[in-house]
Protein chains: 2
Amino acid sequence: MVEDVVRTLGFLCLGSRLRRIGERLQADTQQIVDAAGLGIQAGQYPFLAAIDRAGPLTIGELAQSVGITQPGATRTIGQLLELGLVDMRPAPDDQRRRLVSLTDKGQELVNYSKTTIWPRVAAAVADLCGDLDGPILAQLATIEDGLAAAPLIRRGTTAASRVLSDAEQEEGR
Amino acid sequence: MVEDVVRTLGFLCLGSRLRRIGERLQADTQQIVDAAGLGIQAGQYPFLAAIDRAGPLTIGELAQSVGITQPGATRTIGQLLELGLVDMRPAPDDQRRRLVSLTDKGQELVNYSKTTIWPRVAAAVADLCGDLDGPILAQLATIEDGLAAAPLIRRGTTAASRVLSDAEQEEGR
DNA sequence: CTGAGATATATTACACGTTATATAACAATA
DNA sequence: TATTGTTATATAACGTGTAATATATCTCAG
C-alpha cells in the first residue's frame with residue numbers, strides 16, 4: 001500500500017485535502033440525489049436554496065450567497081434556466097441587474113427536496129462526522145476513514161429532521 | 001449583506017463548503033509559492049513530495065499517493081516532465097509501468113522547498129487553524145472568518161520548523 | 001505457444017471552479 | 001447633455017478534477 005502524502009504532510013496540504021474530501025462528499029451526495037430520480041446536480045441546490053430562503057436574488061447576490069465568483073453563478077443559473085427551475089428578468093429599477101426567481105416547478109422541487117433529500121443528506125453527513133470533536137486534522141482523518149468504510153448513501157436514514165435545525169444553530173454562534 | 005447559504009445549511013452543504021475552503025487555501029498557498037519566484041503550481045508539490053519520500057513511483061502509485069485519479073496524475077506528471085523536474089522510464093520488469101523519479105533539478109527544488117516554502121506554508125496554516133478544537137462546522141466557520149481577516153501570506157512566519165513534525169504526529173494516531 | 005482476460009497508462013470529453021476582459025446600463029460632473 | 005468612470009452581467013480562456021474508453025503489455029489456461 002502506498003503512503004497518502006496529502007494526509008502525511010498535515011497542515012502543509014490542508015487545502016488539497018479539504019478539496020479532496022469536499023469532492024468526495026459531493027460525489028456521494030450526488031448518488032443520493034440521483035437515487036431520488038431528480039435530474040439535478042447537487043451543486044445546483046445551494047442556488048435554489050438561496051432563492052427559496054431570501055426571495056428573488058440577482059446574479060451577483062447569488063454568487064456571494066453560495067460563495068463562488070460571478071461567472072460561475074452565471075453559468076449555473078443558465079443551467080437552471082434550461083431546466084425550467086428558475087426565471088430571470090431585469091430588475092425594474094436597474095436594467096443591469098437580473099433578478100432570478102424560482103418557477104413553480106423550481107419551488108416544487110425545493111419543497112420536495114426540503115422534506116426528503118436534504119434531511120437525508122444532512123443526516124448521512126451528521127452520521128459521518130456529527131459527533132466529531134478535536135483538532136481538525138484528526139477529524140479529517142476520521143471522515144476519510146469513515147467515507148472509505150461506508151459511503152453517504154449507506155448512512156443515516158433516521159432522525160433526519162433533527163439535523164437541519166441543529167446545523168442552523170451551530171452556525172448561529 | 002447576503003446570507004451565506006452554504007454556511008447556513010450546515011451538514012447539508014459540507015461537501016461544497018470543504019471544497020470552497022480548500023480552493024481558497026490552495027489559492028492562498030499559491031501566493032506564497034509565487035512570492036518565492038519558483039515557477040511551480042502548489043498542486044504539483046504533493047507529487048514531488050511523494051517521490052521524495054518514497055523514491056521512484058509509478059503513475060498509478062502517484063495517483064493513489066496523492067489521492068486523485070490516474071488521468072489526473074498522468075497530466076500533472078506530464079507537466080513536471082515539461083518542467084524538467086521529473087524523469088519517467090518504463091519499469092525494467094513490466095513495460096506497462098512508468099517509473100517517475102526526481103531529476104537533479106527536481107531534487108534541488110524539493111530540498112529548497114523543504115527548508116523554506118513548506119515550513120512557511122505549514123506555519124501559516126497552523127496559525128490559521130492549529131489550535132482549533134470542537135465540532136467541525138464551528139471550526140470551518142472560524143477558518144473562513146480567519147481567512148477573510150488575514151490571508152495565509154500574512155500569517156505565521158515564525159516557529160515554522162516545529163509545525164511539520166507536529167503534523168506527522170497528528171496523523172500517526 | 002496462443003488467445004482471452006487483466007492491468008497500466010494515455011486520451012478524450014466533460015464538470016465546474018477561476019481570472020481577465022467585453023458589453024450594457026447607470027451615475028455624476030464639466 | 002455629453003463624457004467619463006463605475007457597476008452588473010456575459011463571455012472567453014484556462015486549471016484541474018472526474019468518468020469512459022483506447023492501447024499496450026502482461027498472465028495464464030488450454
Side-chain angles (χ1 to χ4, degrees), chain A residues 2 6 15-31 33-34 39-47 56-82 88-100, chain B residues 2 6 15-31 33-34 39-47 56-82 88-100:
Chain A
V2 198
V6 170
S16 298
R17 195 167 175 195
L18 290 176
R19 229 175 99 163
R20 192 171 83 177
I21 299 174
E23 274 160 9
R24 172 70 197 272
L25 272 179
Q26 281 204 291
D28 272 33
T29 301
Q30 189 63 53
Q31 288 188 337
V33 175
D34 287 345
I40 192 176
Q41 296 302 115
Q44 298 169 338
Y45 266 139
F47 290 82
L57 293 171
T58 66
I59 293 283
E61 288 167 335
L62 280 166
Q64 236 189 301
S65 185
V66 307
I68 65 172
T69 55
Q70 169 262 310
T74 297
R75 185 192 299 170
T76 299
I77 292 303
Q79 296 165 351
L80 293 173
L81 280 168
E82 289 286 322
M88 188 163 75
R89 59 156 202 272
D93 55 319
D94 184 340
Q95 299 289 111
R96 290 171 305 179
R97 302 185 166 203
R98 306 298 173 84
L99 271 177
V100 182
Chain B
V2 196
V6 170
S16 298
R17 195 166 174 195
L18 291 176
R19 231 175 95 162
R20 194 172 80 176
I21 299 174
E23 274 160 9
R24 172 71 197 271
L25 273 179
Q26 283 203 291
D28 273 31
T29 301
Q30 189 64 53
Q31 289 189 337
V33 175
D34 287 344
I40 191 176
Q41 296 302 114
Q44 298 171 336
Y45 266 138
F47 290 84
L57 293 171
T58 67
I59 293 283
E61 288 167 334
L62 280 166
Q64 237 189 299
S65 185
V66 174
I68 64 172
T69 55
Q70 170 261 310
T74 297
R75 186 193 298 168
T76 299
I77 292 303
Q79 295 165 350
L80 293 174
L81 280 168
E82 290 286 322
M88 186 163 76
R89 55 157 205 269
D93 56 318
D94 184 340
Q95 297 292 110
R96 290 171 306 178
R97 301 187 167 203
R98 306 299 172 83
L99 272 177
V100 182

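Computed from a predicted model, the values in this text were never measured in an experiment. Every chain is numbered from 1 and lettered A, B, ... according to where its sequence line falls, protein lines coming before strand lines.
- Contact annotation for A:R75: base contact, defined as any heavy-atom pair under 4.0 Å involving a base atom.
- Remark: C1' of D:dA10 and CZ of A:R96 are 15 Å apart, rounded to the nearest angstrom.
- B:Q70 comes within contact range of at least one nucleobase, with a heavy-atom separation under 4.0 Å.
- If you measure from atom CD1 of A:I77 to atom P of C:dG17, you get 12 Å, rounded to the nearest angstrom.
- With rounding to whole Å, B:Q95 atom CD is found 15 Å from D:dT27 atom C1'.
- Note: CG (B:L81) to C1' (C:dT9) measures 13 Å, nearest angstrom.
- In this structure, A:E61 contributes its side chain and A:T58 its backbone to a donor-acceptor pair below 3.5 Å.
- Of the candidate nucleotides D:dA10, C:dG17, D:dA20, D:dA20 has the atom lying nearest to any side-chain atom of B:P71.
- Between A:G43 and A:D94, the residue whose closest nucleotide on DNA chain C is further toward the 5' end is A:G43.
- Nucleic acid contact for A:G60: sugar-phosphate only, since backbone atoms but no base atoms lie under 4.0 Å from a heavy atom of the residue.
- A close approach under 4.0 Å does occur between a side-chain nitrogen or oxygen of B:T74 and OP1 or OP2 of C:dA10.
- Counting only heavy atoms from C-beta outward, the side chains of A:L18 and B:R19 never approach each other to under 4.5 Å.
- Here the rule is side-chain contact (heavy atoms from CB on, under 4.5 Å) with A:I59, and of A:M88, A:Q64, A:R96 only A:M88 fits it.
- If you measure from atom CD1 of B:I59 to atom C1' of C:dT7, you get 15 Å, rounded to the nearest angstrom.
- With a 4.5 Å cut-off on side-chain heavy atoms, B:T76 and B:Q79 count as touching.
- At least one side-chain heavy atom of A:Q26 sits less than 4.5 Å from a side-chain heavy atom of B:S16.
- For the pair B:Q41 CD and C:dT19 C1', the computed distance is 13 Å after rounding to whole Å.
- Nearest nucleotide to the side chain of A:E23, out of C:dT9, D:dG17, D:dT9: D:dG17.
- With rounding to whole Å, B:L18 atom CG is found 14 Å from C:dG17 atom P.
- Positionally, the nearest nucleotide of DNA chain C for A:G72 lies more toward the 5' end than for the other of A:G72 and A:P92.
- Per the geometry, CZ belonging to B:R97 stands 9 Å off C1' belonging to C:dT7, to the nearest Å.
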